[in-house]
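All remarks here apply to the structure that follows.
Residue numbers start from 1 in every chain, and the chains themselves are labelled A, B, ... in the order their sequence lines are given, proteins ahead of strands. Here the structure is a predicted model, which means the values were calculated and not measured.
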2 protein chains.
Amino acid sequence: MTRWLEDEELRAWLKLAGVMLKLAPALDSQLQRDNDLTHFDYLCLAMLSESDDERTLPMSELAGRTNASLSRLSHVVSKLERRGWVQRCPSPRSRRVTLVRLTEDGWQVLVKAAPGHVETVRELVFDELGPEDVAALERIAGHIVERIEESRLRSTC
Amino acid sequence: MTRWLEDEELRAWLKLAGVMLKLAPALDSQLQRDNDLTHFDYLCLAMLSESDDERTLPMSELAGRTNASLSRLSHVVSKLERRGWVQRCPSPRSRRVTLVRLTEDGWQVLVKAAPGHVETVRELVFDELGPEDVAALERIAGHIVERIEESRLRSTC
DNA sequence: CAGGGAAAGTTGAAGCATCAAGTGTTGACT
DNA sequence: AGTCAACACTTGATGCTTCAACTTTCCCTG
């Protein structure tokens with residue numbers, strides 16, 4: 001008794017799949033070429049830079065803000081730490097959380113990479129998109145993200 | 001002289017990034033668990049099944065329809081061929097194209113996997129999305145995909 | 001028709017992501 | 001005070017993706 005997708009839905013779905021399959025590689029490719037960074041690397045640095053306290057966040061918090069699993073984040077933080085852009089340190093609050101801090105070098109890398117990345121995002125997404133489209137995009141994407149989170153909750157209970 | 005993103009744009013962008021980072025893994029996870037398939041594996045089988053002639057397509061055509069590089073596709077087709085779900089054969093038209101054909105076994109796998117996958121897509125994306133949202137999604141996603149393709153053209157010329 | 005360049009595909013290596021299993025830590029309940 | 005489940009990670013193995021290099025085949029242009 002499967003409810004198949006309507007024509008309209010199917011077309012929208014194929015386009016959305018196209019975005020998933022093409023946008024991430026496109027962003028990766030620009031950042032990799034110009035700054036030897038993954039889009040996910042960039043996100044980590046950016047989220048740390050925007051945290052209030054000393055550019056520092058607990059692993060789980062950073063995982064939440066970057067939409068990543070703790071495992072994925074741990075591997076990436078190790079890489080960034082090897083490059084000296086980030087530093088792990090114990091939390092004074094609890095011995096099971098480890099804090100990640102953006103170093104000065106990491107901040108410089110971010111400052112250097114940001115303009116090109118933002119330019120790419122503008123070019124691929126926002127240029128020629130009217131304000132009502134931006135609003136619709138935020139609404140729809142937000143809705144999808146919420147549904148995914150709800151569904152994860154349901155499956156782990 | 002970087003034109004940074006407006007507040008509205010930034011919020012929309014973070015949500016869209018969330019979709020990229022969460023939706024693909026969510027789809028992969030369901031298909032992997034229930035059918036030992038990647039979302040990209042599924043797309044390949046599905047695109048072959050919908051081709052007119054004998055469930056057969058040239059590699060490049062399939063790469064186009066699945067938004068993948070030829071290299072990525074080649075590796076995946078090798079895997080699917082090992083499992084007996086797909087078969088490579090030479091094209092009668094030209095000796096440099098290789099055709100990929102969906103086998104009966106591959107068709108059965110697709111038939112078995114489809115309901116669960118469609119159900120997941122409904123649950124994560126389309127349920128509770130009005131018709132005008134679906135239309136907006138198609139329009140916006142289509143726009144982004146176009147811009148990515150244009151930008152690839154520009155950079156290879 | 002000869003050569004050169006582009007197109008179609010394959011391959012191997014390197015880097016990423018995911019999964020499952022592990023360690024230590026904490027809070028809650030008895 | 002002791003136990004036990006849940007939390008916050010980390011690690012190593014496996015599989016997937018990308019990248020660069022390569023082969024074949026085709027087309028075009030002089």
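Side-chain contact check for B:V86 versus B:R101: every heavy-atom pair is 4.5 Å or farther apart. Looking at heavy atoms from C-beta onward, B:T66 lies out of side-chain contact with A:L21 at the 4.5 angstrom threshold. Put simply, the side chain of B:F126 does not reach to within 4.5 Å of the side chain of A:I144, judged on heavy atoms. Using a 4.5 Å heavy-atom threshold, the side chains of B:L57 and B:R65 count as touching.
The side-chain hydrogen bond (donor to acceptor under 3.5 Å, both in side chains) test applied to B:D28 returns no partner, not counting sequence neighbours. With sequence neighbours excluded, the residues forming a salt bridge (Lys or Arg N to Asp or Glu O under 4.0 Å) with B:R147 are A:E128, listed by chain and number. Listed by chain and residue number, nothing satisfies the side-chain hydrogen bond (donor to acceptor under 3.5 Å, both in side chains) test with A:R72 (two or more places apart in sequence, or in another chain). Partners of A:T38 under the side-chain hydrogen bond (donor to acceptor under 3.5 Å, both in side chains) rule, at least two apart in sequence or in another chain, are A:D41. For B:R122, the side-chain hydrogen bond (donor to acceptor under 3.5 Å, both in side chains) test picks out A:E9, with sequence neighbours left out. A:D36 pairs by the salt bridge (Lys or Arg N to Asp or Glu O under 4.0 Å) definition with A:R83, not counting sequence neighbours. Considering only residues two or more places apart in sequence or on other chains, A:S91 meets the side chain to side chain contact (heavy atoms under 4.5 Å, CB included) condition with A:R93, A:V97, A:L99.
Along DNA chain D, the nucleotide nearest to A:S29 and the one nearest to A:S78 differ in position, and the one closer to the 5' end is contacted by A:S78.
Close approach of DNA chain D to chain B, defined as any atom under 4.0 Å from a non-hydrogen atom of the protein, starts and stops at D:dC16 to D:dC26.
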Query raised in the report: Checking side chain to side chain donor-acceptor pair (under 3.5 Å) for the pair A:R55/A:T103: CA distance, chi angles, key distance, verdict?
Result: CA-CA 8 Å; A:R55 296 171 184 167; A:T103 65; over 6 Å; no
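Within residues 92-99 of chain A, the residues approaching DNA chain C are A:S94, A:R95, A:R96, by heavy-atom distance under 4.0 Å. Contact check of residues 61-76 of chain A against DNA chain C (heavy atom, cut-off under 4.0 Å) returns A:S71, A:R72, A:H75, A:V76. Near DNA chain D, defined here as any heavy-atom distance below 4.0 Å, there are no residues from residues 31-55 of chain A.
Of the side-chain N and O atoms in A:K79, one or more sit less than 4.0 angstrom from OP1 or OP2 of C:dC16.
Remark: C1' of C:dC16 and CG of B:L21 are 13 Å apart, rounded to the nearest angstrom. Rounded to an integer number of Å, the gap from CG of A:D28 to C1' of C:dC16 is 10 Å.
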Report all side-chain donor-acceptor pairs from residues 108-121 of chain B shorter than 3.5 Å, counting only partners two or more places apart or in another chain.
residue : atom : partner : partner atom : Å
B:Q108  : NE2  : B:E104  : OE2          : 2.9
B:T120  : OG1  : B:Q30   : OE1          : 3.4
B:T120  : OG1  : B:G116  : O            : 2.8

